[in-house]
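Report on the structure given below.
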Amino acid sequence: MKTILKSETKEIAINTEGPVTIIGEKINPTGRKKLSRLLKERDFDYVRGLADAQVAAGADILDVNVGVPGEDEVALLPEVVKIVAAHVDVPLCLDSANAEALAAGLAVAPGKPLVNSVNGEEASLKAVLPIVKDRGAAVIGLTMDDDGIPKDAEKRVAIAGKILERAAKIGIPEEDVVIDPLVLTVGADNSAGIVTLKTVELLRSEFGININLGASNVSFGLPDRHVINQAFLALAAYAGASCVISDPVKLASTIRATDLLLSRDSSGRAYLKHYRAMQ
Ligand code: THG
């Protein structure tokens, strides 16, 4: 199954049968003092640099999150979307829990963007799905609802089913819904990784849809995070994830190596191309 996204001039497909698609995560001020300060000052050169570095490292899509406490996301998200879209020609993933900010960002984003995200909460389904439909965008659906993130895989799959059903009801096709079974840190609960991997397998066999993971979440609070993220990415791809939100500067080569090992990269072309680009 293919989820087609577009920038101004380019089209990319998140593909259940293809190589893993990389959404660059670094335009996100959560826990990043410098980016928070510069966003507050409306100084966007640093954002342009983060966009360049991630695309050069192999990002297929860029996540844009401007959630700085105290700042007006409804004004700031479209402003940063315009800056990034004018600077790099890749599809954008608009990352906010605020439906009004998402709508404002969608109004200025080129092509066909990805909305990050809707979840199984009634308020989220009602607020986010109509704006996705109106814009003809695609959307990431998180497997959580009014009761939080379920501890077991079957309940997460049930929430995914509900999101797919509600999207279909208002005319969003299933290929435009990418389900994210949510990664929590193994630093807090050592079963967090395996529950997510099990959910990926079940989602893949029940729905055959594209699956995204915010892979770096798995290592929050632990030392040498990079090593944990690399190992998790390989396991997630094997379980059936077709898209990851991660840091391409640190993780793109692991992703290309994993595709090669899983026969998702015929004759190793993408692996070699990435290797040469990094020299
Ligand atoms: N699913 C979806 N969207 C998401 C997430 C998800 N968006 C946000 C998040 N999770 C994915 N993005 C990040 C961004 C940064 C980090 C982790 C996940 C991160 N940052 C370092 C820190 O906070 O310590 C700083 C990194 C740096 O300085 O380079 O770890 O799961 N749909």
Side-chain angles (χ1 to χ4, degrees), residues 3 5 14 20-39 46-47 49-54 57 59 61-69 73 77 80 91-98 101-102 105 113-121 124 128 132 137-144 148-149 156 159-160 163 176-188 192-193 195-197 199-200 203 209-230 232-233 236 241-252:
T3 306
L5 300 173
I14 304 172
V20 171
T21 302
I22 304 174
I23 305 180
E25 73 183 8
K26 292 172 81 83
I27 304 176
N28 183 335
T30 313
R32 304 187 78 197
K33 283 198 184 116
K34 181 173 180 188
L35 180 57
S36 302
R37 174 174 60 77
L38 293 169
L39 285 172
Y46 187 62
V47 168
L50 290 173
D52 277 334
Q54 293 184 98
I61 300 165
L62 292 183
D63 193 73
V64 180
N65 180 314
V66 298
V68 181
E73 249 191 292
L77 187 60
V80 176
L92 301 182
C93 172
L94 279 50
D95 188 351
S96 173
N98 178 336
L102 288 171
L114 181 60
V115 170
N116 186 10
S117 55
V118 70
N119 64 57
E121 289 177 46
S124 172
V128 178
V132 171
V139 64
I140 296 178
L142 306 180
T143 60
M144 56 184 277
I149 303 174
R156 293 191 198 185
I159 297 172
I163 294 170
D176 281 340
V177 182
V178 176
I179 295 293
D180 183 331
L182 290 165
V183 185
L184 298 173
T185 175
V186 291
V195 170
T196 300
L197 295 169
T199 310
V200 170
L203 287 168
I209 40 143
N210 277 306
I211 297 167
N212 174 69
L213 284 173
S216 331
N217 301 359
V218 76
S219 60
F220 270 127
L222 288 162
D224 220 354
R225 290 184 62 180
H226 178 54
V227 179
I228 300 170
N229 294 346
Q230 284 179 309
F232 187 70
L233 277 169
S242 45
C243 184
V244 292
I245 300 189
S246 67
D247 178 353
V249 176
K250 291 185 188 138
L251 292 166

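First listed ligand is number 1; within each ligand, the first listed atom is number 1. By convention here, the first residue in the shown sequence is residue 1. This structure is a prediction, so every number in the text was calculated from the model and none was measured.
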Take atom 20 (N) of ligand 1 and look for protein heavy atoms under 4.0 Å from it; say yes if you find one, no if not. no
For D247, is at least one N or O under 3.5 Å away from an N or O on ligand 1? no
Heavy-atom closest pair (L184 atom, A192 atom, distance to 0.1 Å) is O-CB, 3.6 Å
Minimal heavy-atom distance between A53 and V249, with the atoms involved, is O-CG2, 4.1 Å
Heavy-atom side-chain proximity of N116 to I245 below 4.5 angstrom: yes
Give yes if a backbone or side-chain nitrogen or oxygen of K250 is under 3.5 Å from a nitrogen or oxygen of ligand 1, and no if not. no
Candidate pair N98 and S96, rule side-chain hydrogen bond (donor to acceptor under 3.5 Å, both in side chains), full reasoning: CA-CA 5 Å; N98 178 336; S96 173; 5.3 Å; no
Report yes if the side chains of T3 and C243 come closer than 4.5 Å at any heavy-atom pair, otherwise no. no
Can you name the atoms of ligand 1, numbered from 1 with element, that are less than 4.0 Å from a heavy atom of K26? 29 (O)
Test of proximity, N217 against ligand 1: N or O pairs below 3.5 Å: yes
Who's the nearest protein heavy-atom neighbour of atom 26 (C) of ligand 1, and how far? R32 NE, 4.1 Å
Please report the closest heavy-atom contact between L5 and P113, naming both atoms and the distance. CD2-O, 3.8 Å
If you have a sec, work out which protein heavy atom is nearest atom 22 (C) of ligand 1 and how many Å separate them, to one decimal? R225 NH1, 3.7 Å
Is D63 in polar range of ligand 1, meaning some N or O pair under 3.5 Å apart? no
Among all protein heavy atoms, pick the one closest to atom 13 (C) of ligand 1 and tell me residue, atom and distance. E25 OE1, 3.4 Å
Heavy-atom check, side chain of I23 versus side chain of L114, under 4.5 Å: yes
Just distances here: any N/O of D95 and N/O of ligand 1 closer than 3.5 Å? yes
For Y46 and L38, work out which heavy atoms get closest and say how close. CB-CD1, 3.4 Å
Which of the numbered atoms in ligand 1 are below 4.0 angstrom from a heavy atom of L142? 32 (N)
Within the 4.0 Å heavy-atom shell around G214, which atoms of ligand 1 are there? 6 (C), 31 (O)
Heavy-atom closest contact (S219 atom, N229 atom, distance): OG-OD1, 2.7 Å
For ligand 1, which part of N65 has a heavy atom less than 4.0 Å away: the side chain, the backbone, both, or neither? neither
L182, V118, I149, I179 screened by side-chain contact (heavy atoms from CB on, under 4.5 Å) with L142, the one that passes: L182
Taking only heavy atoms of N28 into account, list the atoms of ligand 1 that are under 4.0 Å away from them. 8 (C), 12 (N), 14 (C)
For ligand 1, which atoms have a heavy atom of I245 less than 4.0 angstrom away? 2 (C), 3 (N), 4 (C), 11 (C), 32 (N)
Which of the atoms in ligand 1, numbered in the order shown and given with their element, are less than 4.0 Å from a heavy-atom of N212? 32 (N)
Do any N or O atoms from the side chain of R156 and from the backbone of V195 form a donor-acceptor pair under 3.5 angstrom? no
Report the nearest protein non-hydrogen atom to atom 1 (N) of ligand 1: residue, atom name, distance rounded to 0.1 Å. D180 OD2, 2.7 Å
Residue and atom name of the nearest protein heavy atom (relative to atom 3 (N) of ligand 1), distance in Å to one decimal: N116 ND2, 2.9 Å
